[in-house]
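Down below is the structure, laid out as structure tokens.
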Amino acid sequence: MSAARMKVAVLGSTGSIGLSTLDVLARHPDRFEVFALTAHSNIARLREQCLAHRPQFAVVVDAAAAAKFTSELQASGCTTRVLVGEAALSEVAAHEQVDAVMAAIVGAAGLRSSLAAARAGKRIMLANKEALVMSGPLFMQAVRDGGATLLPVDSEHNAVFQCMSGPGATQAGVTRSDVRRVLLTASGGPFLRTPASALVAVTPEQACKHPRWVMGRKISVDSATLMNKGLELIEACLLFALPPAQVEVVVHPQSIVHSLVEYIDGSMLAQLGNPDMRTPIAHALGWPERIASGVESLDILRAARLDFEAPDATRFPCLRLARSAAEAGGTAPAVLNAANEVAVEAFLQRRLSFLEIPEVIERVLARHPTLPASSLDDVLSADDWARREAQAALTAAAGVCA
Ligand SMILES: NC(=O)C1=CN([C@@H]2O[C@H](COP(=O)(O)OP(=O)(O)OC[C@H]3O[C@@H](n4cnc5c(N)ncnc54)[C@H](OP(=O)(O)O)[C@@H]3O)[C@@H](O)[C@H]2O)C=CC1
Ligand SMILES: CC(=O)[C@@H](O)[C@H](O)COP(=O)(O)O
Ligand SMILES: [Mn+2]
């Protein structure tokens with residue numbers, strides 16, 4: 001039985017998606033084998049995970065932490081081999097023995113390893129939306145060239161994927177002419193009802209307190225600015241080969257409907273469930289079969305009502321910025337993403353106010369002449385340029401902030 005087990009590499013295993021993935025994997029020891037785990041700063045958690053799951057490889061990005069980690073593992077009798085450095089992430093993602101890769105590193109740091117999994121033809125379960133947003137058509141081409149299977153883990157895209165299954169189902173990235181539009185649901189984040197005048201003083205702690213989901217700090221801030229939905233709009237256009245005009249965003253505070261697809265006959269299909277990432281993770285791991293996730297049944301009588309409203313473009317300008325970048329294409333999404341990463345990090349470090357996040361991004365985008373993104377070098381150059389521009393914009397904003 002063990003010969004048929006799927007070997008899974010979990011990139012970013014110490015994060016929120018990583019933890020949920022290991023929870024689902026542990027429910028199916030007959031079906032999955034944890035092949036590799038990776039961490040950046042949380043070495044203590046990686047050690048616990050290695051002892052619990054006994055992977056063949058563990059990757060520690062930071063060389064300074066690796067020696068102590070390796071001797072601790074050995075002292076515990078754990079035979080996991082420790083690999084060190086960023087290149088090792090791609091090595092395990094593309095390893096010939098790996099069947100499936102959970103891409104759950106946050107931000108641009110996950111680009112190379114996600115691409116490596118695509119090129120090596122793996123089953124890629126994609127949570128790391130920033131990698132796809134940055135490299136866009138190049139990423140989708142790598143999936144096709146490598147013969148990979150790309151399965152969306154982001155809850156909205158997993159919902160759309162599920163609503164597009166059935167007769168006539170296509171692979172992710174292939175246009176369906178019978179789809180009229182996709183509606184991505186947004187919770188609205190922690191500041192859905194916060195007046196504009198109060199947004200200026202909100203703290204990182206408040207921004208990271210998501211009303212429905214427990215997530216890492218970066219995506220939590222993105223959710224609060226609605227940039228998460230902006231990145232997801234670009235992600236949806238790429239995954240489902242749709243123009244931005246066919247992807248709409250609707251605020252749904254209960255986070256029960258995870259997204260909807262409308263067909264040309266007027267049918268709207270939605271995927272519903274409790275807000276728990278183990279559902280899309282289990283879907284991606286088991287696909288095309290369904291496997292248990294540990295998620296409780298949704299009590300629709302208790303939920304009782306589902307509300308929908310339009311997003312407020314004035315208080316949350318990030319959505320507009322992302323839509324413009326989606327329409328511009330080329331290097332614009334990579335620039336949007338990089339500027340956002342810099343601005344969010346500065347906000348988390350209290351060097352930038354909440355309302356200055358979109359200001360920094362807009363300033364960088366305004367200075368960017370969109371170029372074709374024909375190669376990975378084009379994407380990385382745009383990313384590098386945008387980070388430097390955003391740092392400069394931070395300095396300007398810090399003067400205002402101080
Ligand atoms: N959390 C959620 O519910 C959802 C998340 N996503 C997406 O999934 C991805 C992960 O999110 P989430 O789990 O919340 O984030 P977390 O911050 O909780 O975890 C991030 C993971 O990435 C690792 N990491 C951070 N920086 C680096 C780096 N430079 N090199 C290598 N590894 C690094 C972290 O390691 P360490 O902890 O050791 O520092 C950790 O394992 C994001 O792209 C997010 O947008 C999408 C939908 C839902
Ligand atoms: C769980 C998930 O997929 C997140 O991307 C979530 O959607 C964030 O919530 P928002 O809808 O508030 O952005
Ligand atoms: Mn999402």
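In each ligand, atom 1 is the first atom listed, and ligand 1 is the first ligand listed.
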Side chain or backbone, does [X] bring an N or O within less than 3.5 Å of an N or O on ligand 1?
{"X": "Arg217", "result": "no"}
{"X": "Gly216", "result": "yes"}
{"X": "Met215", "result": "no"}
{"X": "Ser16", "result": "yes"}
{"X": "Ile17", "result": "yes"}
{"X": "Asp154", "result": "no"}
{"X": "Ser155", "result": "no"}
{"X": "Thr14", "result": "yes"}
{"X": "Gly12", "result": "yes"}

(message) Heavy atoms only, cut-off 4.0 Å: how does Ala109 contact ligand 1, side chain, backbone, both, or neither?
(response)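 Within the 4.0 Å criterion, Ala109 contacts ligand 1 through side-chain atoms alone.
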(request) May I ask you to identify, for Lys218, whether its side chain, its backbone, both or neither come under 4.0 Å of ligand 1 on a heavy-atom basis? (result)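 No part of Lys218 is near ligand 1 at this cut-off.
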(message) How wide is the angle at the Mn ion (ligand 3) spanned by Glu232 OE2 and Asp154 OD1, rounded to 10 degrees?
(response)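 Vertex the Mn ion (ligand 3), arms to OE2 of Glu232 and OD1 of Asp154: 90°.
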(message) As an exercise, identify every atom of ligand 2 less than 4.0 angstrom from a heavy atom of Met215.
(response)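 In order of number, 4 (C), 8 (C).
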(message) Distance under 4.0 Å to a non-hydrogen atom of Ile219: what atoms of ligand 1 satisfy this?
(response)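 Per the distance check, 4 (C), 5 (C), 6 (N), 14 (O), 44 (C), 45 (O), 46 (C), 47 (C), 48 (C).
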(request) Report the nearest protein non-hydrogen atom to atom 7 (O) of ligand 2: residue, atom name, distance rounded to 0.1 Å. (result)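 Answer for atom 7 (O) of ligand 2: Glu156 OE2, 2.3 Å.
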(message) Among the N, O or S atoms of Glu156, which one sits nearest to the Mn ion (ligand 3)?
(response)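 Going through the N, O and S atoms of Glu156 one by one, OE1 ends up nearest to the Mn ion (ligand 3).
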(message) Please list all pairs meeting side chain to side chain donor-acceptor pair (under 3.5 Å) that have one or both residues in residues 238-266, counting only residues at least two apart or in different chains.
(response)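 Sorted pair list: Arg180-Glu262, Arg181-Glu248, Arg181-Glu262, His252-Gln254, Gln254-Asp307, Asp265-Ser267.
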